[in-house]
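Comments concern the structure below.
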Amino acid sequence: MLTKLPSEKQMKFLCFLCCLVYFMSYMTRLNYAACMVELQDVLQIGKSVAGLPVTVCFLSYGLGQIICGILGDKFKPQMIMFAGLAGACGCNLLVAGFPRMEIIIPVWCANGFFQAMLWPPMVRIMAECLNDKWYKYSCVLVSMSSSVATIAVYVLTPVCISVSGWKSVFMLPAALGIGAAFVWFWNTRKLGADSPAPEERQKGARQKEAQQDEASEKDGRRSGKKSLFLQLAGDAPLVAILLAIILQGTLRDGITTWMPVYMSEMFGMSNASSILSAAALPVFSVFSVLLASLLLERLKNEVFTAACLFVAGAVAGVVMLMVFDGLPVVCIMMMTLITGCAHGINLMLISRVPGHFTRYGKVSSVSGILNSATYVGSSLSTYGFGAVAEEAGWLPVVALWIGICLAGAALTLLVRGRWDRFCRMPEK
């Protein structure tokens with residue numbers, strides 16, 4: 001375990017550093033999707049080919065979440081995060097320097113893995129270095145920083161394209177990200193946020209682990225650590241939560257990726273205007289994260305809160321279905337509501353749920369596994385929504401969004417009671 005920071009001021013500053021790193025991770029990851037409609041014209045490629053870098057990025061990000069989640073519980077999370085952000089910046093520079101799809105696709109795939117080195121170690125640092133109050137604050141603030149970064153990407157992208165061309169969309173975030181990586185590295189060392197726990201805590205952890213191993217042997221199990229993780233996975237409804245997260249990722253990143261193309265094709269907007277319209281999505285997500293946090297304070301159950309947000313997204317989808325090709329302002333509002341609900345679900349299931357595993361020493365592992373599920377859905381939607389739109393138009397795509405929301409609501413409602421019982425269980 002890491003050392004709990006002693007003062008409120010240090011916790012506040014660590015929260016700021018986490019927000020900074022996560023802000024830059026989004027700046028160096030979403031920029032390709034933001035200028036995808038421009039790249040289709042510049043490189044003369046179709047929607048399916050243009051979406052491939054985003055798809056492989058999501059896939060490698062999802063797989064990397066599992067790997068880096070396990071590594072984040074075993075090695076120094078500060079160093080893992082520094083390497084991840086620096087590597088992501090390098091990938092952005094390569095895309096700007098070699099604008100060919102046969103290079104962009106594998107480079108953006110590598111970017112996905114580098115990005116995966118950020119979230120699971122960060123959750124471990126927040127859960128173990130911050131007290132309960134600041135952990136809750138940091139979950140909300142880090143989620144909001146991703147929304148602010150998304151706004152920045154979709155506002156800056158058309159400006160960069162019109163002023164200096166699409167390459168600056170990758171070069172500017174890369175330069176800022178390298179600076180942020182060194183700010184993170186230097187200041188977390190000064191804070192001691194990456195220091196091991198005191199010897200007494202390490203000794204207690206080793207004694208507890210030995211007791212778990214002994215108990216596991218009596219039960220005829222092979223390994224104490226593995227037994228503990230399997231027990232936790234059995235007690236908590238992780239499979240249902242994973243499926244709900246996949247659905248959430250499908251909505252959040254699918255709509256964010258394809259909204260500029262949708263607005264361009266359905267309403268004849270220019271590339272710059274359609275990209276700028278997508279900035280409305282994260283604007284509301286900032287407020288939706290705050291609203292979701294307030295809703296959780298009333299409902300006291302992350303899974304049930306997620307179910308309510310899925311229902312709200314389905315209602316917004318039905319409204320959009322009725323005006324999908326006639327009222328652009330209403331369409332923007334409804335897509336904004338759906339993605340806002342998805343961001344709130346993300347806060348519940350990916351930021352708050354792993355915190356319940358702190359006492360078992362599995363925060364980073366659980367966080368990595370859960371977050372990986374998001375990008376299974378993201379990769380499916382990035383390619384799938386584009387393929388459906390090419391074959392059948394955008395109406396079936398909007399209908400899919402409604403179906404995804406309803407499926408997510410059903411899943412989370414089914415396991416709300418089981419999750420509540422897990423949260424009330426005594427430590428194993």
Side-chain angles (χ1 to χ4, degrees), residues 1-8 10-22 25 65-66 68-82 84 116-146 184 187-188 191-198 201-202 204-205 208-209 225 228-229 232-233 235-236 238 241 245 289 292-293 296 302-303 346-374 419 422-425 427-428:
M1 294 179 69
L2 305 178
T3 304
K4 192 79 73 177
L5 292 178
S7 72
E8 192 95 349
Q10 287 178 318
M11 292 185 189
K12 192 175 186 178
F13 187 54
L14 179 61
C15 181
F16 163 76
L17 292 175
C18 290
C19 290
L20 174 65
V21 171
Y22 209 55
S25 78
Q65 287 286 306
I66 300 173
C68 297
I70 296 169
L71 295 176
D73 279 328
K74 296 180 180 294
F75 301 102
K76 288 188 173 184
Q78 173 215 31
M79 292 302 300
I80 295 173
M81 290 176 63
F82 172 77
M117 298 169 72
L118 300 175
W119 178 252
M122 185 187 299
V123 174
R124 181 191 169 194
I125 289 174
M126 293 192 302
E128 295 184 5
C129 294
L130 304 176
N131 60 26
D132 186 59
K133 182 185 81 170
W134 272 102
Y135 176 71
K136 290 178 180 177
Y137 285 167
S138 65
C139 286
V140 174
L141 292 173
V142 168
S143 296
M144 289 176 64
S145 72
S146 69
W184 164 264
N187 285 285
T188 49
L191 281 174
D194 201 43
S195 301
R201 192 182 299 174
Q202 292 181 351
K208 185 175 179 182
E209 185 178 317
K225 284 187 177 180
L228 176 62
F229 192 85
L232 294 175
D235 293 333
L238 287 183
I241 291 174
I245 290 171
V289 165
S293 184
L296 177 61
E302 292 89 353
V303 172
N346 184 81
L347 174 69
M348 294 300 108
L349 302 185
I350 295 175
S351 296
R352 294 298 296 270
V353 163
H356 292 277
F357 294 85
T358 304
R359 54 185 175 164
Y360 304 107
K362 298 293 181 184
V363 180
S364 183
S365 299
V366 171
S367 176
I369 292 169
L370 294 181
N371 204 22
S372 71
T374 299
W419 174 250
F422 171 77
C423 294
R424 297 173 189 276
M425 282 174 55
E427 185 176 350
K428 288 183 178 292

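If you're wondering where the values come from, they're calculated on a predicted model, not measured in any experiment. Each residue takes its place number in the sequence, starting with 1.
- K136 places a side-chain heavy atom less than 4.5 Å from the side chain of R352.
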Q. After noting the C-alpha distance and the side-chain angles of V142 and M126, does the key distance pass the side chain to side chain contact (heavy atoms under 4.5 Å, CB included) rule?
A. CA-CA 10 Å; V142 168; M126 293 192 302; 4.0 Å; yes

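- To the nearest 0.5 Å, atoms CG (L130) and NZ (K12) are separated by 13.5 Å.
- Closest non-hydrogen pair, P120 versus G368, comes out as CG-CA, 3.7 Å.
- Using a 4.5 Å heavy-atom cutoff, the side chains of L349 and L370 are not in contact.
- Residue N346 holds its CG atom at 7.0 Å from CG of N371, rounded to the nearest 0.5 Å.
- R124 contributes a side-chain N or O that, together with a main-chain N or O of G72, makes up a donor-acceptor pair within less than 3.5 Å.
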| task | Test side chain to side chain contact (heavy atoms under 4.5 Å, CB included) on Q10 and L14 and set out the steps. | result | CA-CA 6 Å; Q10 287 178 318; L14 179 61; over 6 Å; no

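- With S351 contributing its side chain and M348 its backbone, the two residues share no donor-acceptor pair below 3.5 Å.
- We find the SG-CG distance between C15 and L141 to be 4.5 Å, quoted to the nearest 0.5 Å.
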### Task
Could you go through the side chain to side chain contact (heavy atoms under 4.5 Å, CB included) check for M81 and I125 one step at a time?
CA-CA 11 Å; M81 290 176 63; I125 289 174; 3.9 Å; yes

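- Across every non-hydrogen atom of S145 and C19, the tightest pair is OG-O, 3.5 Å.
- Between the OG atom in S138 and the CG atom in N131 there is a gap of 9.5 Å [rounded to 0.5 Å].
- For the pairing with Y22, the ring pair (Phe, Tyr, Trp, His ring centres under 6.0 Å) check across W184, F16, W119 returns one residue only, W119.
- Once rounded to the nearest 0.5 Å, the distance linking OG of S146 with CG of L347 reads 9.5 Å.
- Annotation: the span from S367 atom OG to I66 atom CD1 amounts to 12.0 Å, rounded to 0.5 Å.
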What do the steps show when you test I369 against Q65 for side chain to side chain contact (heavy atoms under 4.5 Å, CB included), and what is the final call? CA-CA 6 Å; I369 292 169; Q65 287 286 306; over 6 Å; no

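- A donor-acceptor contact closer than 3.5 angstrom links the side chains of E8 and W134.
- Using modelled atom types and a 3.5 Å distance limit, the side chains of E302 and W419 yield a donor-acceptor pair.
- Looking only at side-chain heavy atoms (C-beta outward), M117 and L71 stay at 4.5 Å or farther from each other.
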